[in-house]
Structure formats: structure tokens, C-alpha cells
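Contents: one structure, followed by commentary.
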Amino acid sequence: MTRGRHATRASRPAGLITLLAGTLIALGGVIGFIVNSLPASSGYPLGPTPHVDAPRGRAAALATSAGGHSVPRPVFLVVPAIGVRTRLIRLGTTSAGTLQVPTTTSVAGWYTASARPGAIGPAVIAGHVDSVAGEGVFFRLKTLRPGDKIFIRRADGTVAQFVITAVTLYAKTRFPTSAVYGPVPYAAIRLITCGGVFDHATGSYLSNVVVYGHQIAGGHRASRHK
């Protein structure tokens with residue numbers, strides 16, 4: 001299987017990138033991820049994880065039930081356990097009603113129709129898994145474990161910290177829309193990318209990797225590194 005994926009990758013234009021999976025979500029209407037996937041991330045071996053430290057800054061206050069729009073917008077994402085340090089672009093919806101995706105694999109994006117990180121509700125952040133050129137920003141997302149930390153630097157310089165509670169692989173045909181995008185009474189975070197088997201017949205991944213987490217008070221211990 002791996003040999004076949006590499007052969008397919010070599011025959012595709014180098015400019016194409018892996019877009020996010022065709023998961024339907026219900027936020028102010030039915031919205032879909034664009035589907036235009038390339039070979040699965042398992043076609044690339046997992047090398048050493050880059051060392052990334054947790055960001056420094058004033059710890060964000062824990063969320064309350066009010067003031068969601070007064071929470072500063074997110075500008076940077078750091079996930080030390082998988083070596084991710086990236087700016088966050090804004091992701092809205094296209095004229096066709098689909099969720100915008102990053103135009104490059106090197107950055108992640110915050111879905112602006114979701115909660116701001118540190119406000120009540122799920123903050124949704126999406127990124128690519130890989131491309132013909134190599135790893136994407138969320139290439140190692142599936143290797144995260146409960147207890148790992150996620151840090152969001154916000155426009156006012158404060159840092160909101162989250163702890164991961166679950167990492168789950170869902171078949172696209174059974175994507176739990178309400179669990180991922182539905183309202184919750186606390187500040188939550190969701191990281192999403194493609195995963196599972198790449199189907200050459202349809203040109204897309206068959207699954208999504210979803211990381212669940214919730215906000216915790218400031219202060220942190222050193223995160224693991226592989």
C-alpha cells in the first residue's frame with residue numbers, strides 16, 4: 001500500500017495540497033469542507049518532533065457565561081507535544097456555503113463562526129495533514145494524547161491554555177456534527193484534520209481526526225516530546 005501511495009504522489013502536480021475532509025457541519029446552515037485530497041499522511045514516516053516551548057504571556061482568565069465577543073481574537077497556536085507553532089488565519093465560508101480552508105499546508109485557521117478560544121463554546125481550528133511536498137501543520141495531530149496541552153495566543157497578548165481530553169478518528173459518513181460543533185457550557189477547543197485511509201478511487205480521505213479539549217487555568221508543566 002505504501003509503495004502504491006508513493007507512486008501516485010509522484011505522478012500528481014506538486015502544487016496540489018491536501019484539503020480538509022468532506023464533513024458536513026450545522027452552524028447557521030449546512031456547510032461542507034471542500035474535498036480535494038491527496039495521499040494519506042501514512043505515506044510519510046514520522047520523524048523527530050521539532051522542539052516547541054509553550055508561549056509566554058499573561059494567562060487568560062477562565063471563561064464565564066458572558067462576553068463571548070469581548071474575548072480577544074486568536075492569532076497564534078502552539079501545541080508542544082507535536083511541535084506545532086503557527087499563526088492562525090481566519091476561516092469563514094465561501095460563496096457556495098462551504099468552509100474555507102487554508103491555502104497552504106503550513107498554517108492553521110480558526111473558523112470565525114465558532115467561539116473564540118477562551119469564550120464559552122467550541123473554538124474550531126482546522127489545518128492540513130500533508131501535501132505532495134511533505135508534512136502539513138497537523139501531520140502529527142493523530143499522535144496527541146489526553147493530557148497534552150494546547151496554547152492559543154490572543155490579540156491582546158494573553159495566552160489561553162487548554163488540555164486535551166480525547167483524540168478520535170471518525171469515518172466521514174459518521175461524523176458527529178453536534179459533538180464537534182454543538183454548544184457546550186464551557187470554553188472548548190476542537191482541532192480537525194484529515195486522517196485514516198486515503199481512497200484513490202474517490203480522491204479523498206475516508207476519515208477525520210478530531211482533538212477535543214477544554215480551557216484550564218494558566219501555568220503549565222513541560223510537555224512531552226517524541
Side-chain angles (χ1 to χ4, degrees), residues 20-33 54 59-82 84 88-93 97-101 108-127 138 141-142 144-156 158-195 207-220 223:
L20 292 166
T23 304
L24 293 180
I25 60 176
L27 286 172
V30 178
I31 305 169
F33 285 121
L62 291 176
T64 65
S65 60
H69 286 291
S70 66
V71 171
R73 64 180 176 83
V75 295
F76 222 79
L77 167 71
V78 179
V79 191
I82 56 173
V84 167
L88 286 172
I89 64 172
R90 297 187 183 194
L91 300 177
T93 56
T98 58
L99 175 65
Q100 293 176 334
V101 296
W110 165 63
Y111 179 43
T112 58
S114 70
R116 293 187 175 194
I120 297 295
V124 177
I125 295 175
F138 281 169
L141 200 68
K142 65 183 179 182
L144 286 170
R145 303 171 189 168
D148 286 337
K149 302 299 193 303
I150 297 168
F151 300 88
I152 302 288
R153 183 180 293 280
R154 306 186 300 186
D156 67 345
T158 59
V159 176
Q161 182 179 170
F162 299 81
V163 63
I164 293 171
T165 56
V167 181
T168 307
L169 183 70
Y170 295 110
K172 291 183 189 178
T173 55
R174 297 186 177 183
F175 191 87
T177 300
S178 60
V180 174
Y181 296 97
V184 293
Y186 54 89
I189 196 164
R190 314 282 190 249
L191 305 183
I192 305 176
T193 195
C194 290
S207 303
N208 286 114
V209 177
V210 179
V211 172
Y212 295 86
H214 62 81
Q215 188 185 13
I216 59 176
H220 63 85
S223 297

**Message:** side chain to side chain contact (heavy atoms under 4.5 Å, CB included) for Lys142 and Leu169? Distances and angles first, verdict last.
**Reply:** CA-CA 8 Å; Lys142 65 183 179 182; Leu169 183 70; over 6 Å; no
**Message:** Please determine whether side chain to side chain contact (heavy atoms under 4.5 Å, CB included) holds for the pair Val78 and Val84, giving the CA-CA distance in whole Å, both sets of side-chain angles, and the decisive distance to 0.1 Å.
**Reply:** CA-CA 5 Å; Val78 179; Val84 167; over 6 Å; no
**Message:** If you define the side chain from C-beta out and look only at heavy atoms, does anything of Leu144 sit under 4.5 Å from Val79?
**Reply:** yes
**Asked** Within a strict 4.5 Å, meaning less than it, do heavy atoms of the Leu77 and Ile125 side chains meet?
**Response** yes
**Prompt:** Quick one: side-chain contact (heavy atoms from CB on, under 4.5 Å) partners of Ile89, sequence neighbours excluded?
**Reply:** Arg87, Leu91, Pro102, Val107
**Message:** Counting C-beta onward and ignoring hydrogens, is there a side-chain heavy-atom pair between Ile152 and Leu88 closer than 4.5 Å?
**Reply:** yes
**Request:** To the nearest 0.5 Å, tell me how far Arg190 CZ sits from Thr168 OG1.
**Result:** 10.0 Å
**Message:** Nearest 0.5 angstrom please: Tyr111 OH to Gln100 CD, how far?
**Reply:** 9.5 Å
**Message:** Could you measure the distance from the CD atom of Gln161 to the CD1 atom of Ile216? Nearest 0.5 Å is fine.
**Reply:** 3.5 Å
**Asked** Of all heavy-atom pairs between Ser207 and Ala171, which one has the smallest distance, and what is that distance?
**Response** OG-CA, 3.8 Å
**Fill in**
For Ala63 and Ala187, the nearest pair of non-hydrogen atoms, with its separation, is CB-CB, 3.7 Å
**Partner set under side-chain contact (heavy atoms from CB on, under 4.5 Å) for Val75, not counting sequence neighbours** = Arg73, Arg153, Ala155
**Message:** Run the side-chain contact (heavy atoms from CB on, under 4.5 Å) test against Pro146 and tell me which residues pass, sequence neighbours left out.
**Reply:** none
**His214 side chain near Ile164 side chain, heavy-atom distance below 4.5 Å** = no
**Message:** For a quick test of reading the model, state the closest non-hydrogen atom pair linking Pro122 to Gly182 and the distance between them.
**Reply:** CG-O, 3.4 Å
**Message:** Looking at Ala123, is its backbone amide N or carbonyl O close enough to the side chain of Ser114 to form a donor-acceptor pair, meaning the two atoms are under 3.5 Å apart?
**Reply:** no
**Message:** List the residues meeting side chain to side chain donor-acceptor pair (under 3.5 Å) with Arg154, not counting sequence neighbours, and say none if there are none.
**Reply:** Thr158
**Message:** Please give me the minimum heavy-atom distance between Val71 and Ala119, naming the atom from each residue.
**Reply:** CG2-CB, 3.8 Å
**Asked** So, does Trp110 use its side chain to make a donor-acceptor pair with the main chain of Pro117 at under 3.5 Å?
**Response** no
**Prompt:** How about Tyr212 and Val180: do any of their side-chain heavy atoms sit closer than 4.5 Å?
**Reply:** yes
**Item:** Residue from Leu191, Val211, Ile189 passing side chain to side chain contact (heavy atoms under 4.5 Å, CB included) with Phe162
**Value:** Ile189
**Asked** Who are the side-chain contact (heavy atoms from CB on, under 4.5 Å) partners of Ala61, not counting sequence neighbours?
**Response** none
**Request:** Look at the rings of Tyr181 and Phe175 and say which category their plane angle falls in: under 30° parallel, 30 to 60° tilted, over 60° perpendicular.
**Result:** tilted
**Check: Val209 and Ile192 side chains under 4.5 Å, non-hydrogen atoms** = no
**Message:** Looking at every non-hydrogen atom in both residues, tell me the closest pair between Phe138 and Ala108 and how far apart they are.
**Reply:** CZ-CB, 4.0 Å
**Request:** Give a yes or no on whether the backbone of Gly127 and the side-chain of Thr193 come within a donor-acceptor separation of less than 3.5 Å.
**Result:** yes
**Request:** Please test Arg145 against Val167 for side chain to side chain contact (heavy atoms under 4.5 Å, CB included), starting from the C-alpha separation and ending with a verdict.
**Result:** CA-CA 7 Å; Arg145 303 171 189 168; Val167 181; 5.9 Å; no
